[in-house]
Participant: 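Can you read through this structure? Questions will come right after.
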Amino acid sequence: MHDEQISPIAAAAGAGDPTPSLRRCIALLRSHSSLPHLRQTHAHALRTGIPLFHPLLAKHLIFSLISLPSPPLSYAELLFSLLPNPNIFTLNTMIRGYAESPHPLPALLLHRRMNAASLPPDSHTYPFLLKACARLLDLRHGESVHSLSVKNAHTSSVFVQNSLLHFYGACGLFESAHQVFEEMPVRNLVTWNSVINGFALNGRPNEALTLFQQVLDEENVVKPDGFTMVSLLTACAELGALALGRRVHLYIIKSGLYQNSHIGNALIDLYSKSGVAVDACKVFDEMPDRTVVSWTSLIVGLAVNGFGKEALKFFDEMEIGKLKPTEITLVGVLYACSHCGLVDQGFRYFNQMKDDYGIVPRIEHYGCMVDLLGRAGLVNKAHDFILNMPLEPNAVIWRTLLGACAMHKRVGLGEVAWSRLIKLDPGHSGDYVLLSNLYAGGSRWTEVQKLRRSMIKGGVKKTPGHSLLELGNKVYDFVMGDQSNPETDLIYEKLEEIAKRLRKEGYVARTTNVLADIQEEEKETALCYHSERLAIAFGLMKSAPGAAIRIVKNLRVCEDCHLAIKLISKVYEREIVVRDRSRFHHFRDGICTCKDYW
DNA sequence: ATAGGGTTAG
């Protein structure tokens with residue numbers, strides 16, 4: 001139909017029937033995959049007398065250009081603008097080009113122009129448009145594309161449905177994604193992967209894993225692949241769901257997918273984020289194809305688990321293997337130095353990174369250096385470093401300094417950092433908590449009260465702390481003061497018992513940090529009900545004696561809980577692994593691997 | 001011609 005539309009122009013250009021030379025040019029355009037070749041063919045076509053914007057030539061040339069690995073958009077745009085009546089094929093090609101480019105917005109503008117010209121999309125248009133919407137996180141436009149596809153009765157295509165699924169997942173509307181999924185009569189592998197990934201990306205790992213069980217039930221229809229595995233492993237890693245992750249790992253081995261390097265990287269990440277660095281190393285050793293990402297994941301993983309020196313050893317080995325580190329690798333390296341107090345070595349890496357690896361330090365690297373100095377107690381040096389850095393310090397930089405001040409009880413400098421933070425990122429509840437702890441640590445109760453009032457007045461709400469605990473096949477979520485667990489009464493009884501036994505060991509609650517819990521008035525009770533305590537109590541009740549207890553917490557562990565957990569590990573003879581917001585704590589026999597420094 | 005993936009300072 002659209003070819004008919006353009007045929008008058010084609011006829012005017014002398015191309016009602018492609019001439020043999022035009023046909024040869026088109027064949028050449030279709031077979032070549034490099035820009036110079038395409039340019040050459042284009043020039044050749046013009047030399048043999050084919051008009052500059054011959055529609056057939058333009059259509060194939062634009063298609064070939066957009067299909068190049070990094071498409072020369074301006075060249076395609078020029079040709080496109082010369083076409084008086086672009087057909088739907090060429091429009092789709094241009095929309096695809098924009099949708100896949102670093103700046104997808106023009107794809108949506110082109111869609112608006114099509115709307116204005118009452119040119120309806122065909123079933124191929126929607127996936128490109130939805131891809132652009134997904135990448136731009138443009139929910140409104142995406143939803144309008146959805147209703148348009150319904151209106152034009154184009155939703156029966158699996159491609160359109162999968163694109164909708166992916167779009168909703170990418171924009172965080174996993175429920176809408178799931179609804180599209182539920183209504184699909186035919187589902188292929190991409191369908192399953194998109195819906196699983198939609199849940200995995202949006203912090204719903206339990207749903208992702210449930211869906212995986214469903215695919216396995218339908219194994220004869222759809223067989224999960226590497227993409228599925230990476231999504232699942234990512235979901236498990238986020239939860240610290242080690243047992244579930246191990247089951248996925250078994251499936252990977254059984255199904256012969258273990259050679260896939262992306263899966264290997266995801267496994268390294270899973271074991272690192274679950275606090276089993278040994279297994280992360282084992283996966284790394286057994287990987288047939290290690291990429292920079294594999295090395296980087298392992299280095300970061302070792303560093304967060306407190307094995308900074310081992311992390312640096314791997315970095316040296318990587319250099320010997322002539323593998324070029326990325327900027328992320330260097331973040332890992334500096335992170336390792338900072339968590340192990342290796343100040344001088346950290347500075348050596350930092351000062352050499354441009355010369356040795358051609359990597360110009362980014363704000364993240366400067367952040368590591370502030371952390372490195374701050375953790376080591378050199379808070380004034382950290383402040384000087386911030387004042388002299390060539391990049392504009394952001395909120396994270398000042399927050400790092402504030403954290404160091406809280407750690408080393410430096411009220412004056414902490415207030416300097418705070419004054420920057422309320423301008424750069426007002427209303428960040430974590431900053432209030434840090435400053436409050438700093439004041440409380442110095443017994444500055446008036447300031448604490450003032451801060452508390454301004455927090456209430458400004459409507460700043462503390463992020464509720466919650467802890468995850470994996471038992472059997474399930475991951476349990478505990479929130480402070482939570483009563484939703486059917487065994488709440490038993491948990492609270494257990495907490496009583498724990499409190500009694502700890503007191504016998506000479507435990508006294510440290511209530512200085514409790515002021516963070518703005519609404520809670522009874523300090524000591526509040527401490528006992530911190531989410532990690534609930535999770536540990538439940539873990540002690542439900543797991544076999546001597547079994548390790550693993551907790552993942554969304555915030556940092558408070559000083560009092562840290563002390564209590566150390567004692568619990570001793571009294572109950574349990575290894576307790578807590579993944580903090582920023583690092584790992586491995587408690588065993590009354591000691592923590594962070595050396596009380598976090 | 002049409003859909004999907006991993007590592008990043010606090």
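So you know, we letter chains A, B, ... as the sequences are listed, proteins then strands, and number each from 1.
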Participant: Give one of base, sugar-phosphate or nothing for A:Asp425, where a contact means two heavy atoms less than 4.0 Å apart.
Facilitator: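 No contact.
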
Participant: May I ask you to evaluate whether A:His339 reaches the phosphate of B:dG10, defined as a side-chain N or O under 4.0 Å from OP1 or OP2?
Facilitator: yes

Participant: Checking all strands, does A:Thr90 fall into the base, sugar-phosphate, or nothing category for heavy-atom contacts under 4.0 angstrom?
Facilitator: nothing

Participant: Under 4.0 Å, counting only non-hydrogen atoms across every strand here, what does A:Asn197 touch: a base, just sugar-phosphate, or nothing?
Facilitator: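 Sugar-phosphate contact only - A:Asn197 comes under 4.0 Å of backbone atoms but never of a base.
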
Participant: To the nearest Å, how far apart are A:Asn188 CG and B:dG4 C1'?
Facilitator: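 Roughly 10 Å, once rounded to whole Å.
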
Participant: Contact class for A:Arg362 (heavy atom, under 4.0 Å): base, sugar-phosphate, or nothing?
Facilitator: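 A:Arg362: base contact, heavy atoms under 4.0 Å.
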
Participant: Could you work out which one of B:dT7, B:dG4, B:dA9 sits closest to the side chain of A:Leu189?
Facilitator: B:dG4

Participant: Might you point out which heavy atoms bring A:Pro325 and A:Met318 nearest each other, and give the distance in Å?
Facilitator: CA-CE, 3.6 Å

Participant: Among residues 129-139 of chain A, which residues get a heavy atom nearer than 4.0 Å to DNA chain B?
Facilitator: A:Lys131

Participant: Would you say the side chain of A:His262 and the base of B:dG5 hold a donor-acceptor pair, judged only by whether the two atoms sit under 3.5 Å apart?
Facilitator: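 Looking at the base of B:dG5, it does pair with a donor or acceptor on the side chain of A:His262 (distance under 3.5 Å).
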
Participant: Measure from the ring centre of A:Phe227 to the centre of the six-membered ring in the base of B:dG4, then say whether that distance is under 5.5 Å and the planes meet at under 30°.
Facilitator: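 Per 5.5 Å and 30° rule: yes, stacked.
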
Participant: Just list the side-chain donor-acceptor pairs under 3.5 Å for residues 168-176 of chain A, sequence neighbours left out, or say none.
Facilitator:
{"residue": "A:Tyr168", "atom": "OH", "partner": "A:His146", "partner atom": "ND1", "Å": "2.8"}

Participant: For a quick test of reading the model, state the closest non-hydrogen atom pair linking A:Leu378 to A:Val343 and the distance between them.
Facilitator: CD1-CG1, 4.5 Å

Participant: Among the candidates B:dA3, B:dG5, B:dA9, find the nucleotide nearest to the side-chain atoms of A:Val230.
Facilitator: B:dG5

Participant: Would A:Lys324 count as a cation-pi partner of A:Tyr357, with NZ or CZ less than 6.0 Å from the six-membered ring centre and within 45° of the ring normal?
Facilitator: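 Not satisfied by the 6.0 Å and 45° rule.
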
Participant: From C-beta outward on A:Cys368, which listed nucleotide comes closest to its side chain: B:dA3, B:dT8, B:dA9?
Facilitator: B:dA9

Participant: I'd like to check, for A:His124, whether its ring lies over the base of B:dA1 with centroids under 5.5 Å apart and a plane angle smaller than 30°.
Facilitator: yes

Participant: With a 3.5 Å cut-off and just heavy-atom distances, do the side chain of A:Asn193 and the base of B:dA3 make a donor-acceptor pair?
Facilitator: no

Participant: In whole Å, what is the span from the CZ atom of A:Phe212 to the P atom of B:dG4?
Facilitator: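 Atom CZ in A:Phe212 sits about 22 Å away from atom P in B:dG4.
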
Participant: Send over the distance from A:His60 NE2 to B:dA1 P, rounded to a whole Å.
Facilitator: 9 Å

Participant: Given B:dA3, B:dA9, B:dG4, identify the nucleotide with an atom nearest to the side chain of A:Ser194.
Facilitator: B:dG4

Participant: Touch check for A:Ile299, heavy atoms < 4.0 angstrom, all strands: base, sugar-phosphate only, or nothing?
Facilitator: nothing

Participant: Please determine, for the side chain of A:Ile397, which listed nucleotide (B:dA9, B:dT8, B:dG10) has the closest atom?
Facilitator: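 Within the option list, the nearest is B:dA9.
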
Participant: Name the closest nucleotide to the A:Phe63 side chain, picking from B:dA1, B:dA9, B:dT8.
Facilitator: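 Nucleotide nearest to A:Phe63's side chain: B:dA1.
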
Participant: Whole angstroms only, please: what is the CH2-P distance between A:Trp295 and B:dT8?
Facilitator: 18 Å

Participant: Less than 3.5 Å between a donor and an acceptor, one on the side chain of A:Asp580 and one on the base of B:dG10, is that the case here?
Facilitator: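 No, the side chain and the base share no sub-3.5 Å donor-acceptor pair.
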
Participant: Starting from the C-alpha separation in whole Å, work towards a yes-or-no answer on salt bridge (charged side-chain N to carboxylate O under 4.0 Å, His left out) for A:Glu238 and A:Lys273.
Facilitator: CA-CA 7 Å; A:Glu238 192 191 320; A:Lys273 288 210 172 113; over 6 Å; no

Participant: What's the CG-C1' distance between A:Leu373 and B:dG10, to the nearest Å?
Facilitator: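 Atom CG in A:Leu373 sits about 15 Å away from atom C1' in B:dG10.
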
Participant: Which nucleotide wins on minimum distance to the side chain of A:Asn162, given the candidates B:dT8, B:dA3, B:dG10?
Facilitator: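 Among B:dT8, B:dA3, B:dG10, the one nearest the side chain of A:Asn162 is B:dA3.
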
Participant: Between B:dA3, B:dA9, B:dT7, spot the one nearest the side chain of A:Ser163, thanks.
Facilitator: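 For A:Ser163, the side-chain atoms sit closest to B:dA3.
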
Participant: Is it the case that more than 12 heavy atoms not belonging to A:Phe307 sit under 6.0 Å from its CZ atom?
Facilitator: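 Incorrect, the count does not exceed 12.
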
Participant: Other residues, nucleotides and ligands only: do more than 12 of their heavy atoms fall within 6.0 Å of CZ on A:Arg246?
Facilitator: yes

Participant: What is the separation between atom CG on A:Leu434 and atom P on B:dG10, rounded to the nearest whole Å?
Facilitator: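 Result: 12 Å.
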
Participant: What contact category does A:Ser123 fall into here, base, sugar-phosphate, or nothing, at under 4.0 angstrom with non-hydrogen atoms?
Facilitator: base

Participant: So if I take every side-chain heavy atom of A:Thr400 and compare against B:dG5, B:dT7, B:dG10, which nucleotide ends up nearest?
Facilitator: B:dG10

Participant: Would you indicate which nucleotide in B:dA3, B:dT7, B:dG5 comes nearest to any side-chain atom of A:Pro127?
Facilitator: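 In terms of side-chain proximity for A:Pro127, the closest of B:dA3, B:dT7, B:dG5 is B:dA3.
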
Participant: Classify the angle between the aromatic ring planes of A:Phe181 and A:Trp192 as parallel (below 30°), tilted (30 to 60°) or perpendicular (above 60°).
Facilitator: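 A:Phe181 and A:Trp192: perpendicular rings.
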
Participant: Roughly, in whole Å, what's the span from CZ in A:Arg581 to P in B:dT8?
Facilitator: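 Between P of B:dT8 and CZ of A:Arg581: 13 Å.
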
Participant: What's A:Asp431 touching, base or sugar-phosphate or nothing? Going by heavy atoms closer than 4.0 Å.
Facilitator: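 Nothing, no heavy atom under 4.0 Å.
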
Participant: Taking the basic N atoms (NZ, or NE/NH1/NH2) and the acidic carboxylate oxygens, is any pair closer than 4.0 Å for A:Asp580 and A:Lys553?
Facilitator: no

Participant: In whole angstroms, how far is the P atom of B:dT7 from the CD1 atom of A:Ile268?
Facilitator: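 Spelled out: CD1 on A:Ile268 to P on B:dT7 is 12 Å.
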
Participant: Report the residues that fulfil side-chain contact (heavy atoms from CB on, under 4.5 Å) with A:Arg362, sequence neighbours left out, ordered by chain and then residue number.
Facilitator: A:Glu327, A:Glu364, A:His365

